[in-house]
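Structure first, commentary second.
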Protein chains: 2
Amino acid sequence: MTVTLADVAARARVSPATVSRVLNGNYPVAADTRERVLRAVDELDYVLNGPASSLAAATSDLVGILVNDIADPFFGIMAGAAQTEISGPGGSARAGCEKLAVICNTEGSPERELTYLTLLQRQRAAAVVLTGGALEDPGHIAAMSAKLGKLARAGTTVVLCGRPPMPDGDQVLATLAFDNRGGARRLTEHLLGLGHRRIGYVAGPPERTTTRHRLEGHRAALLAAGIDEPQDRLTVHGSYARSSGYTATVELLAREPGLTAVLAANDTVALGVCAALREKGLRIPEDVSVAGFDDLPFAVDTWPALTTVRLPLAEAGARAGRLVMGKEAAPVGGRVGVEGELVVRGSTGVRR
Amino acid sequence: MTVTLADVAARARVSPATVSRVLNGNYPVAADTRERVLRAVDELDYVLNGPASSLAAATSDLVGILVNDIADPFFGIMAGAAQTEISGPGGSARAGCEKLAVICNTEGSPERELTYLTLLQRQRAAAVVLTGGALEDPGHIAAMSAKLGKLARAGTTVVLCGRPPMPDGDQVLATLAFDNRGGARRLTEHLLGLGHRRIGYVAGPPERTTTRHRLEGHRAALLAAGIDEPQDRLTVHGSYARSSGYTATVELLAREPGLTAVLAANDTVALGVCAALREKGLRIPEDVSVAGFDDLPFAVDTWPALTTVRLPLAEAGARAGRLVMGKEAAPVGGRVGVEGELVVRGSTGVRR
DNA sequence: TTGAAAGCGCTACCAC
DNA sequence: GTGGTAGCGCTTTCAA
């Protein structure tokens, strides 16, 4: 029923081996022979059997990109950039050397993260890219470390993108980490510089690395400015979702009606903050300054007054893709910091 | 080096066939035998070889979800919902029956769309879900039709989600289509009902089905209201991006300074419209009403004055996933309309 | 209920 | 440069 390599060989009057060589293009073949084979492929409308090929070669062209939440453009931008770089410019279908870059949505669930890695391991994936903040649970870290080690030993390239390094990172080819601490610190310093003293902080889920790092940066800035009131009072944790920003802001205003600024752990959350403030009749930035993280495109157009750290999401994704493809050399030690740029928009004054 | 099924068999003192049966769970095996096998699997930390399995069984557990732009939450929401439904609730790694649902980002390129389908065909994918508007180029439609036909004949389930039916759709299991015409019509009627007569329209790329359908709905409403000025004058085409909404609005205001409302082909574009209007010193909705499509979450919190059609993205995605998994019956004839709901927010007045 | 063995379609090694 | 061919690791009859 389906056309096999042997059929092509028969039609082109060559051996299966030759057809394989032509298709993989990694072996010298006479020009006219190649021509004949290619014609036979076309005429028979032959499509390589991936599983058979992977089985024989003990590798596949699958590359998995894991993200925490694909509905969030933070991940969409990174994953899209990585995928573009990996799939190549034109998506040249013929050469046989193209990879199938594919996005896997873990929904932030540790089990699903491991499950996807197992599934990719099953498929003998060529590479795996892990993006975004990691869970800090010791058990999960150990499991991940073990799993990534197995993958690496089985020949799968592992790249971390916008994600902190693994505790014992030698199973990882390279890590592209964002400077979450520094970004949060600069953001807070900016608000302090404007004269703000009562700054609320909407943090992410407690168990994620990004949450902790950003919060640390925030507190470091506060401490340096001599603000030493009980740290927890103006910090509220929530998920990385709009609704969380909304709820947290209501809570913060209840705790401290004299709030003059709110810092959100990411842009999506910042929009929820804005919504809550607007509903309370407070104006941005006249009454309350809001600062986000990420610099997502929709936030840019929407709230010109929102100060953010512009994380180079697309660039990080593209670099991850290039690392996977070997187009970019892995750094010595495997770790690269990817700093964000502080973006100040509009005038963010202090309520008098 | 790597553990194989034979190793497991040896350790469990059974034949490879029995191990296979235990792992696939679709065959009667004595309880204690199964127990022994499972223990051996655990002890040896065995991971099934996907390619070998796929080769022997002539199918794989790969499901591809194609999207036009993964950085756009429109697709992120649909794809995420589909993936969740397909990967199952807990992502039960053991059962062996779980699918690997992966997202492929075509970037709206017809070549990449076909390339991805070929790659998935190579992998003998169990199913393919195509999402979002399709290209109307006859050549591409023919190529897609042929490709999908081959996939279907090779046993791959094909589901269309938020995408119009194929011209000759019998290669497709089911189509979940949005009512783009009706939605645009209702949106326009709403603005007309408020008294607007000079309504700008920011359309998507000319060659996409969603663009044409939404535009048709818009014009039908205008026509019904007796507005018959040259249709092109207040319509500007662009990509489905914010920047496009911005540019188009500047252009529209130049053509017709007396504009009182703008309808955007999707929410992302609508945000660009808002940005341009704000920059021009026009207030929303006092001066100009803006209407979008999609009802993306970030637009909800951001512009409470934005009127949109709430497309059931997550629901459509989830249903597509269920269709793939056979948890939901495919409709007779394969086509299902998924209607949007008109959402009116804030007061959208008319400039006097 | 279990085992033996014949492939699945391709790659890669070894001859020629 | 090209052909022959032995596996790759699993599934699935067919027998027992």
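Sequence lines set the chain letters: A, B, ... in the order given, protein chains first and strands last, and positions in each chain run from 1. Hydrogens, waters and symmetry mates are skipped; everything else that's a heavy atom, side chains included, is used.
Using modelled atom types, one side-chain atom of B:T4 and one backbone atom of B:A6 make a donor-acceptor pair closer than 3.5 Å. Looking at A:S60, its side chain does come within 3.5 Å of a backbone N or O of A:Q123 through a donor-acceptor pair. A donor-acceptor pair is defined here as one N or O able to donate and one able to accept, closer than 3.5 Å; no such pair exists between the side chain of B:R11 and the backbone of B:A40. Of the possible donor and acceptor atoms, none in the side chain of A:E85 sits under 3.5 Å from a partner among the backbone N and O of A:A320.
Taking atom CG of residue A:D61 and atom P of nucleotide C:dT11, one finds them 11 Å apart after rounding to whole Å. The separation between A:N26 atom CG and D:dG1 atom P is 14 Å, rounded to whole Å. Spacing between atom CZ of A:R124 and atom C1' of D:dG9 amounts to 9 Å, rounded to whole angstrom units. Rounded to whole angstrom, the span from the CD atom of A:Q123 across to the P atom of D:dG9 amounts to 16 Å. Between the C1' atom of D:dG9 and the CG atom of B:L44 lies a distance of 15 Å, rounded to the nearest Å. For the pair A:L23 CG and C:dC10 P, the computed distance is 9 Å after rounding to whole Å. Rounded to an integer number of Å, the gap from A:L55 CG to C:dC8 C1' is 9 Å.
Residue-to-nucleotide contacts include no donor-acceptor pair under 3.5 Å from the side chain of A:R34 to the base of D:dG1. Judged by atom type and distance alone, B:R21 reaches the base of C:dG3 through a side-chain donor-acceptor pair under 3.5 Å.
Distances were taken from every side-chain heavy atom of A:T2 (C-beta onward) to each of C:dC10, D:dT11, C:dG9; the shortest belongs to C:dG9. Taking only side-chain atoms of A:N24, from C-beta outward, the nucleotide of C:dG7, C:dT11, D:dT2 with the closest atom is C:dT11. With D:dC10, C:dT1, C:dT11 as the choices, the nucleotide that has an atom nearest any side-chain atom of A:L48 turns out to be C:dT11. Nearest to the side-chain atoms of B:A56 among the listed nucleotides D:dT12, C:dT11, C:dC8 stands C:dC8. Which of D:dT11, C:dC8, C:dC10 sits closest to the side chain of A:L5 comes down to C:dC10. Here the nucleotide nearest the side chain of B:A17, chosen from C:dA4, D:dG9, D:dT11, is C:dA4.
Residue B:S20 has no polar side-chain atom (N or O) positioned under 4.0 Å from OP1 or OP2 of D:dC10. Phosphate contact (OP1/OP2 of C:dG3, side-chain N/O of B:S15, threshold under 4.0 Å): present. Within the structure, every side-chain polar atom (N or O) of A:N49 is placed at least 4.0 Å from both OP1 and OP2 of C:dC8. For the OP1/OP2 pair of C:dG3 and a distance below 4.0 Å, the side-chain nitrogens and oxygens of B:T18 include at least one atom meeting the criterion.
Mapped onto DNA chain C by nearest heavy atom, A:A6 and B:P16 fall at different nucleotides, with B:P16 at the one closer to the 5' end. Nearest-nucleotide mapping onto DNA chain C: of B:A52 and B:T33, the residue sitting toward the 5' end is B:T33.
Within 4.0 Å (heavy atoms only), B:V29 reaches sugar-phosphate atoms of the nucleic acid but no base atom.
For the pairing with A:M78, the side-chain contact (heavy atoms from CB on, under 4.5 Å) check across A:L176, A:T131, A:V129 returns one residue only, A:T131. With respect to B:S109, the side-chain hydrogen bond (donor to acceptor under 3.5 Å, both in side chains) criterion is satisfied by exactly one of B:E107, B:R112, B:E111: B:E111.
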